Amino acid sequence: MLTSFNHVSFTVPDLDVAVRFWTQAMGLEARDISPRSGDWQAAVTGVPMAQLRIAHLYGRGAHLELIEYEGGGTSGPSPSPGATCAGHICFECTEIDRVWDALMAAGATPQGVVAAVTSGPGKGARAAYLRDPSGIIVELVELAG
């Protein structure tokens, strides 16, 4: 039986760069950054000879795990937001234009632009997709009202 949600995780090409962005620009706290190795990693991930560095970051109601494969993994381009299994992480904010500009200055890149939400349950909000320096899609939402 499922009991609760624990965390969301993304694989990154450079853990140090990713942690720096998520702590300095996004305001999360890195509580643990450590290596993982051993046969159990390959068994859990299904990646032969997996050797990982993992960071657990907390804040803003989130528990974010970032993983760098130092052995056994492969690298490639970040998926398009429309690709099957592509994911994103969403944060609510105020003053979305200021937040957008601050994240761009911290190394994020635009995936889209800040736009008004004109339909659905978020109608009246403003939202945008950007990518962190690792290619993770981050959605910003400024709620209406």
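On a predicted model such as this, the values are computed, not experimentally measured, just so you know.
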Mind jotting down which residue pairs meet the salt bridge (charged side-chain N to carboxylate O under 4.0 Å, His left out) criterion with at least one end in residues 136-145? Sequence neighbours excluded, please. Arg126-Glu142
hydrophobic_cluster_shared for Phe10 and Ile33, side chain cutoff 4.5 Å: yes
By the definition side chain to side chain contact (heavy atoms under 4.5 Å, CB included), identify the one residue from Val138, Val99, Val141 that meets it with Phe91. Val138
Hey, are the side chains of Val12 and Trp22 touching, using non-hydrogen atoms and a 4.5 Å cut-off? no
Atom CE of Met49 with >12 non-hydrogen neighbours under 6.0 angstrom: no
Closest non-hydrogen atoms of Ser78 and Ser134, given as atom of the first, atom of the second and distance, are OG-O, 3.6 Å
From Glu70 atom CD to Ser37 atom OG, the distance as rounded to the nearest 0.5 Å: 9.5 Å
For the side chain of Ser80 and the backbone of Gly82, is there at least one donor-acceptor N/O pair under 3.5 Å apart? yes
Going from CG on Leu140 to CD1 on Ile89, what distance comes out if it is rounded to the nearest 0.5 angstrom? 11.0 Å
Got a sec, which pairs hit salt bridge (charged side-chain N to carboxylate O under 4.0 Å, His left out) with one end in residues 26-47, sequence neighbours left out? Glu29-Arg31, Asp32-Arg36
Mind checking whether Gln51 and Pro35 have side chains closer than 4.5 Å, heavy atoms only? no
Treat each ILVMFWY residue as a node, draw an edge where side-chain heavy atoms are under 4.5 Å apart, and state whether Val8 and Leu28 are in one component. yes
Salt bridge (charged side-chain N to carboxylate O under 4.0 Å, His left out) pairs touching residues 44-58, sequence neighbours excluded, are Asp16-Arg53, Arg53-Glu68
According to a hydrophobic-cluster definition based on side-chain heavy atoms being under 4.5 Å apart (Ile, Leu, Val, Met, Phe, Trp, Tyr only), do Leu52 and Leu15 belong together? no
Not counting sequence neighbours, list each pair that qualifies as a salt bridge (charged side-chain N to carboxylate O under 4.0 Å, His left out) and has a residue in residues 54-64. none
Check whether Leu57 and Leu103 end up in the same hydrophobic cluster, where Ile, Leu, Val, Met, Phe, Trp and Tyr are linked by side-chain heavy atoms less than 4.5 Å apart. yes
Do you reckon Tyr58 sits in the same ILVMFWY cluster as Phe21, going by side-chain contacts under 4.5 Å, direct or chained? no
Would you say that Ile136 contacts Leu66 through its side chain, given a criterion of any heavy-atom pair below 4.5 Å between the two side chains? yes
His63 and His56 aromatic ring geometry - parallel, tilted or perpendicular at 30°/60° bounds: tilted
Any Pro81 side-chain heavy atom under 4.5 Å of Tyr129 side chain: yes
How would you list all residue pairs meeting ring-ring contact (aromatic ring centres under 6.0 Å, His included) that involve residues 94-124, not counting sequence neighbours? none
For Arg131, check side chain to side chain donor-acceptor pair (under 3.5 Å) against everything at least two apart and list the hits. Gln111
Please tell me if the side chains of Ile67 and Thr45 come closer than 4.5 Å, counting only heavy atoms from C-beta onward. no
